[in-house]
Amino acid sequence: MEPLRPSDPPRIGGCRLLGRLGEGSTGLVYLARSVGGTPLALKVLHRPRRPYRGPVVHHPCLVRVVGGGTDENGTWVAYPYEPGPALPAAVAAHGPLPRRSVRALGGMLADALGALHAAGLTHGGLHPGKILLAADGPRLTDTAGPVVRGDEASDIFALGQVLVYAATGRTPYDDPADLADVPRSLLEVLQACLDPDPVLRPVARELSEELGGHQGEGWLPPALTAEIAARAQHPPAGEEHTPGPPGEPRARHPERGRYSRGYDAVGSGLVGPAAPRPGPAGTAASGTAAAGGGHPAEPATGTPTRRGLIAIAAAGLVVAGGTAFGAWMVRRAKGTAGAPGAAGSRWTIGLHVDLSGPQARYGRGQYHGITMALEELNEHGNLPFQLELAVHDDVGDPPSAARAAAELVADPAVLMVIGPTGDAVADSAATVYQDAGLPVLSLSVGHLAHRADYPVLLHGRPGTGTTGLAIPGCLAAGEHPPARIGLVDDRTADTHSWLITRAVSGAVDRTRVALVPRVLPAGTEDFAPVTAELLAEGVDAVVYGGLPDGAARLARALRAAGWSGTAIAGEAAMDPLFLSDAGQAAEGWRFVAGHTDPASDTRAGGFAPVHRRRFGEDPEPYAAEGYDAARMVVIAMQRTLEEGESLNRANVLRRLRTLTYNGVTRPLAFDRAGDYAGTGPAAYQYEVEAGRFRFLGPAPAPTTGSDE
């Protein structure tokens with residue numbers, strides 16, 4: 001359990017909050033006490049599936065709802081506090097469950113799903129982190145407001161994956177799944193659950209009858225039963241955690257990854273994916289810096305820290321292409337003044353960004369790039385409107401992100417929002433924007449858990465899974481193409497790691513390359529055992545799906561073992577923290593990322609020199625992408641007026657969907673769903689050389705698949 005933060009309310013629905021149990025894509029979970037002193041797990045929903053109406057289905061294995069409502073803190077639901085560990089924590093501590101326990105787990109969960117299905121509902125989000133273990137059976141969480149999402153066969157497929165995880169400690173990668181470790185007595189039924197044809201999967205009632213749906217006491221191995229009994233004898237303390245002073249950052253949890261939303265290794269209470277490492281505490285901060293005549297008044301290297309607007313009198317538009325920035329530099333050198341713009345209406349572009357949290361360097365890059373674009377428009381344009389930039393810092397915190405989004409939504413002058421910065425806050429913010437119909441263009445978000453729910457969101461880069469598809473091509477194009485690839489799925493990184501490793505597994509040519517998959521439980525710190533296993537299998541390349549601190553541990557372990565093959569990871573691991581933690585072991589590691597390096601990418605023209613003059617430093621990641629995004633939004637506004645339409649949110653979104661914009665980074669375009677559909681690189685390659693990330697250029701084009 002983590003202490004409360006200054007931004008957390010002291011009470012919700014009359015219940016006193018004691019601490020944070022965890023956070024996932026659906027909500028933030030607190031440990032609370034009712035007025036009568038009963039311990040509760042209280043979840044504040046990020047995106048309520050529907051207004052709370054109380055319990056729907058009763059079953060011993062469904063965590064019952066004991067209260068709920070909607071107030072100034074949002075929609076919340078309360079459940080009894082369950083002291084037992086979550087399934088991932090149990091597997092991490094005790095290893096895969098024995099065959100008898102897996103059968104019991106499957107039978108009882110199938111019986112619970114059958115109760116939902118009989119009521120015309122589906123769970124829609126079943127995975128190991130949703131399952132708590134108790135002495136008399138499992139408890140399936142997140143059933144406060146189940147909806148028909150997909151069909152019943154999807155729940156059965158997810159249950160099959162849960163049982164494979166329980167039996168083997170890993171989630172199946174392949175299609176068809178690799179079930180070599182599954183006990184023979186379970187093999188046939190799990191193959192049926194994971195059948196690619198939904199029609200051929202068993203229904204919940206059949207599965208419950210096959211596995212046995214009512215096991216009761218004694219279904220778990222003795223060590224787990226003893227742990228649950230010990231937890232039950234030590235209920236949560238009643239003392240309230242006192243938040244530190246506002247703005248004081250808290251120490252990170254030693255078992256949490258930097259950008260993690262992985263399965264919670266603590267595993268008590270109603271726990272979904274683990275919370276990200278906290279950044280500076282506080283509510284959604286917003287940024288201010290005034291600009292006049294294209295020369296903002298903030299310091300050259302400054303970043304906004306308070307609320308306000310950057311007023312840009314947009315005088316014109318230079319259509320950007322591969323050499324647009326060079327053209328701007330020539331005009332500035334000649335001292336040519338732009339044509340004066342009409343004193344028309346004033347509109348605002350919102351920037352929803354992380355400027356002081358875990359992904360602040362991405363946020364600063366976007367802020368600087370967008371500022372440069374608007375300054376160019378101020379000096380050289382001929383637009384019939386004026387532009388302002390409203391900057392809101394969400395500090396990388398989901399509740400703060402929702403509040404920042406609400407502030408932007410409430411301003412009728414805001415036509416479009418660029419952001420947010422990270423995956424951890426994306427769903428929280430996107431829900432608010434979708435409800436208000438405010439279009440949002442994301443640049444650095446790699447994956448959204450509920451992408452289909454956000455038609456107003458435009459994805460300005462290929463998704464995490466798509467960039468992962470480029471990894472096999474990067475390895476094959478090397479001097480020594482690998483024959484055996486170790487695939488390390490680190491659950492500390494949860495979805496990001498799963499997307500990367502799944503993409504690589506699907507894109508590898510199995511006729512030429514063998515995969516050696518390994519799954520690390522969330523919170524793993526000792527990488528020596530998995531390193532020894534990989535080397536014993538003779539791998540000559542390693543793909544890592546996790547975060548920078550885990551990548552550094554793996555790099556040090558590989559170096560200590562004398563291994564000299566190729567190691568490659570995704571964008572989440574490509575952080576200065578990796579360089580500092582790994583030291584010399586970082587040398588030669590490669591990465592794929594969704595952003596370019598404008599200082600080395602010839603397509604970016606003169607962007608980097610102008611950025612250095614303006615801000616006194618090299619551009620950070622997503623600076624050039626921010627420049628392109630801002631210009632594309634303004635072109636959409638201009639085209640909307642040229643077509644005789646009023647300038648409003650819906651019309652700007654419709655116009656953006658039809659545009660193809662040749663940016664200084666990659667062509668920007670969107671498909672009907674709003675996902676990236678440009679012809680630019682799916683990913684870019686980097687390699688650590690002399691203690692820095694060296695740009696290698698575009699990664700080879702993926703040959704298959706997508707993550708969206």
Side-chain angles (χ1 to χ4, degrees), residues 22-28 46-47 86-88 124-131 142 154 158 161-162 165 170-173 256-265 271-277 358-359 362 396 398 401 420-431 442 444-454 457 459 461-469 471 487-506 517 519-524 543-551 569-575 592-594 675 705-708:
E23 183 169 7
S25 60
T26 58
L28 173 61
H46 290 331
R47 47 182 308 277
L87 178 59
L126 180 61
H127 65 70
K130 302 287 187 183
I131 299 164
D142 242 9
S154 298
Q161 291 185 313
V162 165
Y165 175 81
R170 59 177 174 78
T171 299
Y173 286 96
R256 297 268 162 80
R258 190 167 185 202
Y259 311 125
S260 168
R261 295 202 312 179
Y263 297 140
D264 196 329
V271 181
R277 182 188 299 181
Q359 293 190 309
Y362 288 176
T421 307
D423 292 14
V425 304
D427 281 278
S428 300
T431 299
S442 70
S444 50
V445 170
H447 176 76
L448 292 99
H450 303 284
R451 174 68 183 95
D453 293 347
Y454 312 128
L457 186 139
H459 213 171
R461 53 155 285 186
T464 297
T466 301
T467 61
L469 290 171
I471 290 178
L487 196 59
V488 181
D489 180 1
D490 189 345
R491 290 297 166 78
T492 303
D494 193 28
T495 302
H496 181 276
S497 183
W498 177 72
L499 288 169
I500 291 289
T501 52
R502 183 187 67 166
V504 172
S505 178
V519 175
L520 297 179
T524 297
V543 175
Y544 178 70
L547 306 173
D549 45 3
E571 180 172 320
M574 187 182 154
D575 186 274
V592 293
D675 290 326
S706 173
D707 69 315
E708 306 297 353

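Just so it is clear, the values below take in all heavy atoms, side chains as well, and ignore hydrogens, waters and symmetry mates. Residues take their numbers from the sequence shown, with the count starting at 1.
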Minimum heavy-atom distance Pro548-Ala572, with the two atoms named: CD-O, 3.0 Å

For the student: nearest non-hydrogen atoms of Ser442 and His459, plus distance: OG-CD2, 3.2 Å

When rounded to the nearest 0.5 Å, the distance separating OG1 of Thr501 from NE2 of His496 is 10.0 Å

Nearest 0.5 Å please: distance from the CG atom of Asp489 over to the CD1 atom of Ile500. 10.5 Å

Might you point out which heavy atoms bring Arg451 and Leu457 nearest each other, and give the distance in Å? NH2-O, 2.8 Å

Do Glu571 and Thr464 have side-chain heavy atoms sitting under 4.5 Å apart? no

Would you confirm whether Asp423, through its side chain, and Gly446, through its main-chain N or O, come within 3.5 Å as a donor-acceptor pair? yes

Would you name the heavy atoms of Asp490 and Ser497 that are closest together and state the gap between them? N-OG, 2.9 Å

Find the distance between CG (Leu487) and OH (Tyr544) and round it off to the nearest 0.5 Å. 12.0 Å

Between Asp427 (side chain only) and Ala449 (backbone N and O only), is there a donor and an acceptor less than 3.5 Å apart? yes

Interatomic spacing from CG in Leu547 to OG1 in Thr492 - rounded to 0.5 Å: 6.5 Å

Which distance, rounded to the nearest 0.5 Å, do you find between the CG of Leu499 and the NE2 of His447? 5.0 Å

Do Ile131 and Leu126 come within less than 4.5 Å of each other through their side chains, counting heavy atoms only? yes

Looking only at heavy atoms, which two atoms of Ala493 and Gly546 are closest? And how far apart? CB-CA, 3.6 Å

Qualifying residues under side chain to side chain donor-acceptor pair (under 3.5 Å), relative to Ser444, sequence neighbours excluded: Gln366

Where do Pro128 and Pro88 come nearest, in terms of heavy atoms and distance? O-CD, 3.3 Å

